[in-house]
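Notes follow once the structure below has been shown.
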Amino acid sequence: MTNKRVRVRFAPSPTGPLHIGGVRTALFNYFFARQNWGDFILRIEDTDSQRFVPGAEEYINESLRWCGIKIDEGVAEGGKHAPYRQSERRAIYRQYADQLVANGYAYYAFDSAESLDNLRKEAESRGDAFTYNFKIRNSMETSLVMSEQEVQERFARGDQWVIRFKMPENEEIHMTDLIRGEVTVNTSTLDDKVLFKSSDLLPTYHLANVTDDYLMEITHVIRGEEWLPSLPLHVMLYRAFGWTESMPQFAHLPLLLKPTGNGKLSKRDGDKMGFPVFPLLWKSQDGETSRGYREDGYFPEAFVNLLALLGWNPGTEQELFSMDELIETFSFERVNKAGARFDPEKAKWFNHQYLVEKSDEELAKLFTDFMKTKEIDVTTEKALKIVSFMKVRVNFIHEIWEKAQFLFVRPESYDEASVKKFWKEESPAIMKEVVAVLQGVGTFSSENVEKSLESFISEKGYGMGKVMNALRLGLLGISNGPGVADVCEVVGKQETIARIENAISKL
């Protein structure tokens, strides 16, 4: 296997929006594939027809595109192992399921849902958990105890059936995980999992997964920790098919945990604490919407960076990585076994880092586009000035508007605490002097405004705070915010003077 071209797959189910834990799995697969000049395959595992959700497959594709993940083989891209939707491969699975039965590794079970439910209830009444395994399979309605003629009669009669794997008794299964090391499980602790169902003539995850990974020549299966309990069965399936030489290496990634650290991160946690758990906005068929990182204003590169450091660390103090750096640096040796706690505030921090690194030109374009959604036209010149002094104060483009509305709207009221603190008895007289100074400024740039105000304050012997705090309050209605000279330039001479005069009359 070491000489084979690296081939990984991301295999989500189209049962709803893609959780950020799923996106992280896709990213770790992508890092590893690109690091080894290998292939990244997107396979849609839609064998659970009961849980299929329209639009989910398109959502998965768009999420990966937004993250900058390039798919080498998939439904849209094609490839030598097409089709890449499992529902379109059903004929393949039946053939392999039958092969397992023929070779004695699996069997037909005709048990009704009602009889299985009764057995479960019986076990529960005794305080036990019902397990369909070597202890009971010969007392059930299976091909293990029926004649071939009886089995065929059952088929002819149209009885429902499943194919179950015949898990051997008391056998040690030794497995290696690239993150967790050696794992050993005794087969007596495992049940006879269903591999194929007559109800929809589709396989379960286990059979479809192993068969497709083999046929698509997958060399490394990198997936979430929740699939670790399935590993023994998958290893046994490789053995039963005689494919052990082609068996991929496995890596099970740690869970993403709630911000409290207790339990798996869920949509409910995001709703409760005010952050998204999906990459993009999702609208369900019943009209319910779920927030997305893209629509909340995150840059894709910040989103990728924050997910990469959940459960993996580079072994250095570096926190900001480009996609190329992540591809180069990633290794399974530095993936943690323990779950990774999600921190919504750290997510904002990442976005802030990427925002301040962007050019004023790029931010100005994003800001003017955002302002168009508010039906406010902002000139490029004004946008450039605003983003230059606001970007250090915000985490998102939309916050520039939220935190700097005063640059567009004259204050109608003034913060009471600030008025009490900074608007003194002599303030109106001083502000009238400021108006005269500003009227004398020629080119109304922040530099010229600042020089004129500094000269005036120095000449008059006023304290800087006495003038500037009252002036900011008059201009903005609040006592904190960007530099006064920057505000003056953005709103212009006429509006600056009008605001000061408005404050004098109102306060």
Side-chain angles (χ1 to χ4, degrees), residues 8-30 40-79 81-90 92-93 197 199-209 211-213 216 218 221-227 230 253 255-256 264-271 275-296 298 300 303-304 307 310 342:
V8 304
R9 54 39 166 206
F10 177 54
S13 299
T15 54
L18 184 63
H19 188 277
I20 58 172
V23 181
R24 187 197 58 174
T25 297
L27 282 167
F28 283 17
N29 272 279
Y30 188 69
F40 176 89
I41 294 111
L42 176 65
R43 188 172 72 217
I44 301 297
E45 302 205 337
D46 59 345
T47 55
D48 190 342
S49 52
Q50 301 298 310
R51 295 176 63 222
F52 173 78
V53 173
E57 186 181 323
E58 292 79 4
Y59 181 95
I60 291 163
N61 274 287
E62 194 180 344
S63 298
L64 299 186
R65 267 197 305 276
W66 181 64
C67 290
I69 294 175
K70 186 182 177 298
I71 299 161
D72 297 306
E73 295 173 31
V75 175
E77 296 74 16
H81 297 293
Y84 292 91
R85 260 191 217 103
Q86 287 189 331
S87 58
E88 295 169 14
R89 299 170 65 83
R90 65 175 72 205
I92 297 171
Y93 308 123
K197 315 177 294 296
S199 55
D200 54 11
L201 292 177
L202 281 171
T204 59
Y205 169 83
H206 306 290
L207 178 67
N209 175 281
T211 307
D212 284 344
D213 285 347
M216 293 181 182
I218 301 302
V221 170
I222 305 161
R223 59 190 177 188
E225 181 186 306
E226 62 269 28
W227 295 111
S230 303
L253 307 174
L255 292 175
L256 288 195
K264 191 176 174 182
L265 180 68
S266 71
K267 178 182 177 297
R268 194 179 294 111
D269 300 313
D271 291 344
F275 64 88
V277 295
F278 304 124
L280 316 178
L281 179 76
W282 170 259
K283 290 183 181 176
S284 67
Q285 286 179 294
D286 57 12
E288 188 189 346
T289 59
S290 300
R291 286 163 59 182
Y293 278 83
R294 182 178 67 182
E295 290 73 16
D296 266 24
Y298 283 82
F303 179 68
V304 165
L307 283 186
L310 286 172
F342 182 78

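Numbering starts at 1 and runs along the sequence shown.
Side-chain atoms of Thr47 and Lys197, non-hydrogen and from C-beta on, never get closer than 4.5 Å to each other. At least one side-chain heavy atom of Asp213 sits less than 4.5 Å from a side-chain heavy atom of Arg43. Counting only heavy atoms from C-beta outward, the side chains of Arg9 and Val221 approach each other to under 4.5 Å. Between Leu42 and Ile69 the shortest side-chain heavy-atom distance does not fall below 4.5 Å. Under the 4.5 Å side-chain criterion, counting only non-hydrogen atoms from C-beta, Met216 is in contact with Tyr84. Under the 4.5 Å side-chain criterion, counting only non-hydrogen atoms from C-beta, Lys267 is in contact with Ser290. Contact check for Tyr293 versus Ile20: side-chain heavy atoms found under the 4.5 Å cut-off. Using a 4.5 Å heavy-atom threshold, the side chains of Thr289 and Glu295 count as separate.
Checking side-chain atoms of Arg90 against main-chain N and O of Asp200 turns up a donor-acceptor pair under 3.5 Å. No donor-acceptor pair closer than 3.5 Å links the side chain of Asn209 to the backbone N or O of His206.
A distance of 8.0 Å separates CG in Leu256 from CZ in Phe342, rounded to the nearest 0.5 Å. Taking CZ of Arg24 as the start and CG of Leu27 as the end, the distance is 9.5 Å to the nearest 0.5 Å. The OG1 atom of Thr15 sits 7.5 Å away from the CG atom of Asp48 when rounded to the nearest 0.5 Å. Rounded to the nearest 0.5 angstrom, Ile44 CD1 and Arg85 CZ are separated by 7.5 Å. Taking OG1 from Thr25 and CD1 from Ile222, the interatomic distance works out to 9.5 Å, rounded to the nearest 0.5 Å. Here CD of Glu45 is found 10.0 Å from CZ of Phe10. Values are rounded to the nearest 0.5 Å.
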Discussion item. Show, in sequence, the C-alpha distance, side-chain angles and deciding distance for Leu255 and Glu226, and conclude whether the side-chain contact (heavy atoms from CB on, under 4.5 Å) test is met.
Written reply: CA-CA 8 Å; Leu255 292 175; Glu226 62 269 28; 3.7 Å; yes
Worksheet item: Run the side-chain contact (heavy atoms from CB on, under 4.5 Å) check on Leu265 and Phe275 step by step: do they pass?
Response: CA-CA 11 Å; Leu265 180 68; Phe275 64 88; 3.8 Å; yes
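Among all heavy-atom pairs drawn from Arg89 and Pro83, the shortest one is NH1-O, 2.8 Å. The shortest non-hydrogen separation linking Glu73 to Ile71 is O-CG2, 3.2 Å. When all heavy atoms of Thr211 and Leu207 are compared, the pair lying nearest together is OG1-O, 2.7 Å. In plain terms, the two heavy atoms of Val23 and Pro279 that are nearest each other are CG2-CG, 3.8 Å. Summarising the geometry of Pro12 relative to Leu18, their closest heavy-atom pair is CB-CD1, 4.3 Å, with the distance given to 0.1 Å. In terms of heavy-atom proximity, Val277 sits nearest to Ser266 at CG1-O, 3.5 Å.
Taking the six-membered ring where the residue is Trp, the centroids of Trp66 and Phe303 are separated by under 6.0 Å. The ring of Phe40 has its center closer than 6.0 angstrom to the ring center of Tyr30.
In this structure, Tyr59 and Trp282 have perpendicular ring planes: the angle between them is above 60°, well past the 30° mark.
Taking Glu225 as the reference, Arg180 meet the side chain to side chain donor-acceptor pair (under 3.5 Å) condition, with sequence neighbours excluded.
Defined by atom type and a distance below 3.5 Å, a donor-acceptor pair is present between the side-chain atoms of Tyr93 and Asp212.
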